[in-house]
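Here the structure is laid out as structure tokens; the discussion comes afterwards.
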Amino acid sequence: METTTKGGTTAGTLLLALSLLAGCGEGGAYDAAMTVPGGDPEAGHFLVRAHGCGACHRIDGVRGPDANVGPPLNALSSQVYIAGVLPNLPENMVRWLMDPPAIDPRTAMPDLGLSEREATDIAAFLYSLEGG
Ligand code: HEC
């Protein structure tokens with residue numbers, strides 16, 4: 001957790017290999033869709049704290065003011081839509097995180113200037129949350 005980039009590639013590759021394996025199993029399509037190729041959930045956890053997402057969202061494992069400016073982000077892997085406008089797929093989650101107003105000009109969530117790399121890791125972290 002201290003180092004965010006070291007080993008990221010290896011972990012990402014392993015995750016990808018695992019998700020491909022899982023995809024071969026019975027009815028694994030939905031689960032496979034919720035893994036983010038190349039995303040590192042540990043780095044994502046760090047980035048969510050570093051970018052202050054907890055100032056507006058309740059997120060498991062992220063300390064914050066218990067804010068409800070945006071919705072809680074603990075059950076995203078079982079949600080059908082992102083922000084009510086985008087089908088909940090990993091590539092859409094990355095797009096949303098990189099620039100919410102580009103997707104929905106009226107949204108209250110600001111563009112936080114995330115790179116694609118950061119958004120990918122954050123998406124991987126958010127999908128790893130179990131709900132609640
Ligand atoms: C200034 C407050 C604010 C900050 C900071 C913020 N968000 Fe949001 N976020 C919102 C609001 C408000 C919405 C609801 C948007 C909508 O429905 O149009 C939202 C929606 C979302 C959604 C879609 C949730 C759903 O249930 O569909 C995700 C995912 C998300 N934010 C992730 C993040 C992440 C990750 C960060 C940090 C990088 C972050 N947000 C920072 C206010 C914020």
Side-chain angles (χ1 to χ4, degrees):
M1 196 164 322
E2 294 75 30
T3 47
T4 54
T5 47
K6 215 170 57 169
T9 321
T10 324
T13 311
L14 185 63
L15 209 67
L16 181 62
L18 287 174
S19 67
L20 287 176
L21 279 177
C24 298
E26 58 312 319
Y30 189 71
D31 288 346
M34 287 321 190
T35 49
V36 185
D40 177 348
E42 287 242 335
H45 191 179
F46 172 84
L47 288 165
V48 159
R49 284 180 290 166
H51 286 279
C53 314
C56 291
H57 294 282
R58 274 188 286 139
I59 311 165
D60 281 351
V62 177
R63 250 185 261 149
D66 264 350
N68 278 315
V69 180
L73 303 181
N74 297 324
L76 280 170
S77 59
S78 59
Q79 255 174 243
V80 178
Y81 289 104
I82 298 163
V85 290
L86 278 179
N88 187 7
L89 295 170
E91 63 265 32
N92 285 342
M93 180 63 80
V94 171
R95 279 175 60 207
W96 169 263
L97 293 173
M98 286 177 69
D99 192 356
I103 310 272
D104 180 357
R106 299 184 62 179
T107 188
M109 176 157 160
D111 176 3
L112 295 161
L114 299 179
S115 69
E116 186 166 3
R117 166 83 262 160
E118 292 173 318
T120 301
D121 289 342
I122 289 176
F125 166 66
L126 292 176
Y127 285 139
S128 75
L129 300 173
E130 298 283 313

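Both backbone and side-chain heavy atoms feed into the values below; hydrogens, waters and symmetry mates do not. Atoms within a ligand are numbered from 1 in the order they appear, just like the ligands themselves.
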Practice item. With heavy atoms under 4.0 Å as the rule, classify the contact between P71 and ligand 1 as side chain, backbone, both or neither. Key: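 Just the side chain.
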Shortest protein contact, [atom] (heavy atom only):
atom	answer
atom 12 (C) of ligand 1	V69 O, 3.4 Å
atom 37 (C) of ligand 1	C53 SG, 1.8 Å
atom 3 (C) of ligand 1	C56 SG, 2.7 Å
atom 39 (C) of ligand 1	M109 CE, 3.4 Å
atom 8 (Fe) of ligand 1	H57 NE2, 2.0 Å
atom 26 (O) of ligand 1	Q79 NE2, 2.9 Å
atom 41 (C) of ligand 1	L112 CD1, 3.3 Å
atom 28 (C) of ligand 1	W96 NE1, 3.5 Å

Looking at every non-hydrogen atom in both residues, tell me the closest pair between [X] and [Y] and how far apart they are.
X	Y	value
V48	I122	CG2-CG2, 3.7 Å
W96	L86	CB-CD1, 4.2 Å
L97	L114	O-CD1, 3.6 Å

Check your understanding: For ligand 1, is there an N or O atom under 3.5 Å from any N or O atom of G70?
Key ->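 N/O-N/O distance below 3.5 Å does not exist for this pair.
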Check your understanding: Is there a nitrogen or oxygen of T107 sitting under 3.5 Å from a nitrogen or oxygen of ligand 1?
Key ->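 For ligand 1, there is an N or O atom that lies under 3.5 Å from one belonging to T107.
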Contact atoms of ligand 1, heavy-atom distance to [X] under 4.0 Å:
X	answer
A108	12 (C)
A83	16 (C), 17 (O), 23 (C), 25 (C), 27 (O)
I122	35 (C)

Practice item. Please state whether P110 comes within less than 4.0 angstrom of ligand 1, counting heavy atoms only. Key: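 In this structure, P110 qualifies as a contact of ligand 1 - some heavy atom is under 4.0 Å.
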Review point. At the 4.0 Å heavy-atom cut-off, does M93 count as touching ligand 1?
Key: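 The answer is yes, since M93 has a heavy atom less than 4.0 Å from ligand 1.
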